[in-house]
Amino acid sequence: MPKLKSITADAGSRLKTISGINEKHNPSEIELKWQKRWEEAKIYSPNLDKAQKPFYNLMMFPYPSAEGMHVGNMYAFTGADVYGRFQRMQGKAVFEPIGLDGFGIHSENYAIKANKHPVEQARTSEKNFYRQLKSIGNGFDWTRTVETYKPEYYKWTQWLFIQLFKAGLAYRKKAPVNFCPSCKTVLADEQVEDGLCERCNSIAEKRDLDQWFFKITKYADRLLAGLSQIDWAEKVKTAQKQWIGKSEGVNLRFKIKDMDIHFEMFDSVPQTFMAQTFTVIAPEHKMVYELVKGTEHEKPVMEFIKTIKKKKSINKFDLEKKPEGIFTGRYLEYTPTGKSIPIWVASYAIYGYGTGVVNCSAHDERDFIFAKRYGISLHPVMFPKDPVEAKKVKNLEYCYHHAEDGILQEPVEFKGRKWEEVRGDIVHYIEKQGYGKAQAQYHLRDWLISRQRYWGPPIPMIYCQTCSWQPVQEKDLPVKLPFIEDYKPLGTGQAPLASHPEFYKTKCPKCKGDAKRETDVSDTFLDSAWYFLRYVSTDIETMAFDTERVKKWLPVNMYVGGAEHSVLHLLYSRFITMCLHDLGLISFEEPFTKFRAHGLIVKDGAKMSKSKGNIVVPDAYIKKFGADSLRCYLMFTGPFDMGGNFRDSGIEGMSRFLKRVWALVHRKKDSMNNKSGSKKSLLGSNEALVFMNKTIKKVTGDIGNLKYNTAIAGLMEYYNFLSSQKYIAIEEFRVLLKLLAPLAPHIAEELWEYIGEKFSIHQQFLPDFNESILKASYLTIAIQINGKLRGVLTVTSQFSKDKDRVEQLAKESDKIKKYLKAKEIKKIIYIEGKVINFVVT
RNA sequence: GCCCAGGUGGCGGAAUGGUAUACGCGGUAGUCUCAAAAACUACUAGUCGCAAGGCUGUGUGGGUUCGACUCCCUCCCUGGGCACCA
């Protein structure tokens, strides 16, 4: 410990150099110094093979496309880092990696806009992003970064594709898919929001194209069931649940009159199956043509389908409120009622859901409207209890549906029973009668994985005339993405690589004959669906990931990221993890044990966006105020999962706070007791002891619950208390700095050194609080008259235990006497240590 | 339409059945200074009052309770998710 020149207590205003340390807080100087020192000492690079108590602290890696990292990214990373540092200071070996999700449409679109080749753009972005990421003071392990666009990474993305193909989970099919005319590629369902491309907001068209899919639907039930096993933000779980969209019901099966064809139709409300009076089929359904072929209906029906398809192709269709339809001339032999019911083509039937054929009745809003519009007969079988209402339903005045206490009339076996309670029995009945079978339907579709773009891993498949699709042999991986000048998307349904025979001309891996490579690349979300496995294995070239390390470090202990990935990245990652589990490559099914979604940072109340030009880049703030100030400010704006509002004046306030802490430590250090210990003890007064313990409890509790805003408020209160004290004990400084360390790592480290402690504060244990000290402190008890606050009492906690004495003391206070005068006390309620309430007349 | 968050001073927010507005920002006054900035000190929900003190107050209206920002019901608003899903 350096010798100190003694300074007087009010020396805060006089700047002096003490033993070479400038008394004024200079953030950029100390931040660079400690960042360098931390990296040299490798305090954030745990030994992945030997670490005890491993803790994998992950945050979603950024797309490094745009102008650079903005404060929104920094907010997420800082919040995640505070948690990681908190775990490290509880003795965990924290692994906190970072990388770049640099492949994909997002980055490529940016490169096109900036008129740079994506390869070149990636190089620039990487440099810029890593520089920024280093400046924010996170405890990243810089020895293990991952960039999805590097061959050593995407080699394994391709390998993963091949594993899925071999397991029968990757397949090709022609299907109506979403196509973005601006990005000139197909998109997955998850990447279309309200009919618009999530990247560029163009209207997504429907096109019939031959594409690669991953069979995520096979995992629908497990993806759903797994949600109850993991500790995730509830809103994300709900979003996934809704996206998977499981709906249970029955599949009914009936013959078409005069044809040797049976139709199956899904019904999620089987209770009213006796009400079916017509059937509708989706316009895209292949069977429609079979129904009308050679009949008088063929021409009008096919015309109708053409019109509807046109409307659907521009996705304008959902704007149409009125359902449209046309009669096919065919009937279904509906055995339950013994009637032949007409089959219509209807615009509102969805080809991709259920069987594309719907059984229709008076008890469904859309069916009801459709039937009324086209004069199709309806036959209600369920009625309200109220006879007046029941008559209205009978007269088809309105559609009666989903009524919990609706009374069934048919079938006779269930007459008089309630809709709500009869469901299970009806399903059983339908099965017994042989009308159909219980079944579930899902909203989830298979994951469309191919993209007709350049900037991604080429899909490692080869097409051979004789042997059909063959995977590239693993020894030939990676299929390198060649550098081509004409990388821009074509919009023809073909990827840019399709213009490069030197790329696609190859030999079939099986028969060695002439063959053609797949020229599409895979979706970016495949790159990011497994990166958390690669982080622990970046030094390994022979495997996608090291099984032993994965066993040691995964599943991820804490994952922090944006809720916008609820049904994208977070669902895909779970799916890929389950696939790898089933392939016997890993032992767990869920990749992220705990996930928390961070909130959004807005600027002066408005969402940050490029078009508004209000994106805040952290660099200038870090330069001016330091990363510590910006970190604390961002964390202080609100609860971490709610986000906050970025205001310049706010960060100035935080900067002031850190300066005050700095000044306090420097100013009061001469009054501290040093470790050798004078008689004044290592601790301060009793009051100080209580305050310290209270602060430890509050701050550690809040950080653990990601309530950083109140943790900082607690630290400020502690500062305010300490600065009012004449003497501050060394332990009080130690506690202050340790609690500050996760939030403001640089200044805490600097001051830690200044008070003579050993490097590094980030390898210390957080202090424990002593509950018995808290219990022994003074309490303030509120005195109420009829629930209104009329005074307070300050007593020891011992005293507070005695109701009679508290009551006596309260009654004796002058203020209370006044209120109790000439009143009859009816009741006295005493809540120990908190409140005493006199209920009077 | 269904589901999930949320609505508290001039502003960000705190308090999840027991002293509403912690902490910070902003503001006002003061100290220091030739002056300014910085820093520091005090005050800062509204309202009535010289004051002591009183009254009102957590989106709306009601309820439960000795006591409600907190629990229950009604409605309104904001943000997010799902949506011709049969």
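Below, read A as the first sequence line, B as the second, and so on, with proteins coming before strands; counting in each chain starts at 1.
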Just compare [options] and give me whichever is closest to any side-chain atom of [X].
X      : options             : value
A:R790 : B:G67, B:C85, B:G54 : B:G54
A:T710 : B:A15, B:C84, B:A83 : B:A15
A:F636 : B:C84, B:G18, B:G12 : B:G12
A:T780 : B:U19, B:A86, B:C25 : B:U19
A:M716 : B:C66, B:A86, B:G24 : B:G24

Side-chain N or O of [X] closer than 4.0 Å to phosphate OP1/OP2 of [N]:
X      : N     : result
A:N645 : B:C11 : no
A:Y442 : B:A86 : no
A:R660 : B:C40 : yes
A:Y353 : B:A86 : yes
A:K827 : B:C66 : yes
A:R366 : B:C85 : yes
A:N720 : B:G24 : yes
A:H443 : B:A83 : yes
A:T238 : B:C82 : no
A:R656 : B:G26 : yes
A:S268 : B:A86 : yes

Inset, instruction - First locate atom CG of A:L793, then atom OG of A:S800, and finally report the distance between them rounded to the nearest 0.5 Å. - result: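 Result: 10.5 Å between the selected atoms.
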Inset, instruction - Measure the spacing between CG of A:L634 and OH of A:Y621 and express it to the nearest 0.5 Å. - result: 10.5 Å
Say we look at [N] and [M]: how far apart would their [atom1] atoms be, to the nearest angstrom?
N     : M     : atom1 : value
B:C11 : B:G30 : P     : 27 Å
B:U64 : B:G12 : P     : 34 Å
B:C73 : B:U21 : P     : 29 Å
B:G17 : B:G7  : P     : 16 Å
B:U44 : B:G10 : P     : 15 Å
B:A20 : B:U56 : C1'   : 13 Å
B:G53 : B:U58 : C1'   : 24 Å
B:G61 : B:A52 : C1'   : 37 Å

Legend entry - Verdict with supporting geometry, A:S361 and A:D367, side-chain hydrogen bond (donor to acceptor under 3.5 Å, both in side chains): CA-CA 6 Å; A:S361 80; A:D367 300 347; 4.8 Å; no
Inset, instruction - Please determine which of A:I651, A:T78, A:I601 meets the side-chain contact (heavy atoms from CB on, under 4.5 Å) test together with A:V71. - result: A:I601
Round to the nearest Å and state the distance from [X] atom [atom1] to [N] atom [atom2].
X      : N     : atom1 : atom2 : result
A:N786 : B:C66 : CG    : P     : 11 Å
A:M642 : B:U16 : CE    : C1'   : 13 Å
A:L789 : B:C55 : CG    : P     : 11 Å
A:M635 : B:A14 : CE    : P     : 14 Å
A:D641 : B:A5  : CG    : P     : 12 Å
A:F691 : B:A22 : CZ    : P     : 14 Å
A:L634 : B:C25 : CG    : C1'   : 15 Å
A:N709 : B:A14 : CG    : P     : 5 Å

Look at all strands and tell whether [X] reaches a base, only sugar-phosphate, or nothing, counting heavy atoms closer than 4.0 Å.
X      : answer
A:D267 : sugar-phosphate
A:G653 : sugar-phosphate
A:V236 : nothing
A:K707 : sugar-phosphate
A:E717 : sugar-phosphate
A:M265 : nothing
A:Y708 : nothing
A:S361 : nothing
A:K788 : sugar-phosphate

Name the pairing partner of [N], where a pair is Watson-Crick or G-U wobble with both distances under 3.5 Å, or state none.
N     : result
B:A29 : B:U41
B:C75 : B:G59
B:C82 : B:G1
B:A51 : none
B:G18 : B:C66
B:C34 : none
B:C11 : B:G24

Inset, instruction - For the pair A:D364 (side chain) and A:C360 (backbone), establish whether a donor and an acceptor sit closer than 3.5 Å, ignoring hydrogens and angles. - result: no
Legend entry - Nearest-nucleotide 5' precedence on RNA chain B, A:I831 against A:F266: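 Here A:I831 is the residue nearer the 5' end.
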Inset, instruction - By nearest nucleotide on RNA chain B, pick out whichever of A:G638 and A:Q242 is the more 5' one. - result: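 Closest to the 5' end, via its nearest nucleotide, is A:G638.
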Legend entry - A:E365 (side chain) and B:G1 (base): donor-acceptor pair under 3.5 Å: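 Under the 3.5 Å cut-off, the side chain and the base do not form any donor-acceptor pair.
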Inset, instruction - Go through the side-chain N and O atoms of A:Y572 and A:E190 and say whether any donor and acceptor fall under 3.5 Å apart. - result: yes
Legend entry - Modelled atom types, side-chain donor and acceptor of A:R790 and A:Y819, under 3.5 Å: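 Note: A:R790 and A:Y819 side chains meet the donor-acceptor criterion.
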Are [Y] and [X] an aromatic pair, judged by ring center distance below 6.0 Å?
X      : Y      : value
A:F370 : A:Y348 : yes
A:W344 : A:F278 : no
A:H569 : A:F525 : no

Inset, instruction - Pull up the glycosidic torsion of B:G79 and say syn or anti, syn being anything within 90° of 0. - result: anti
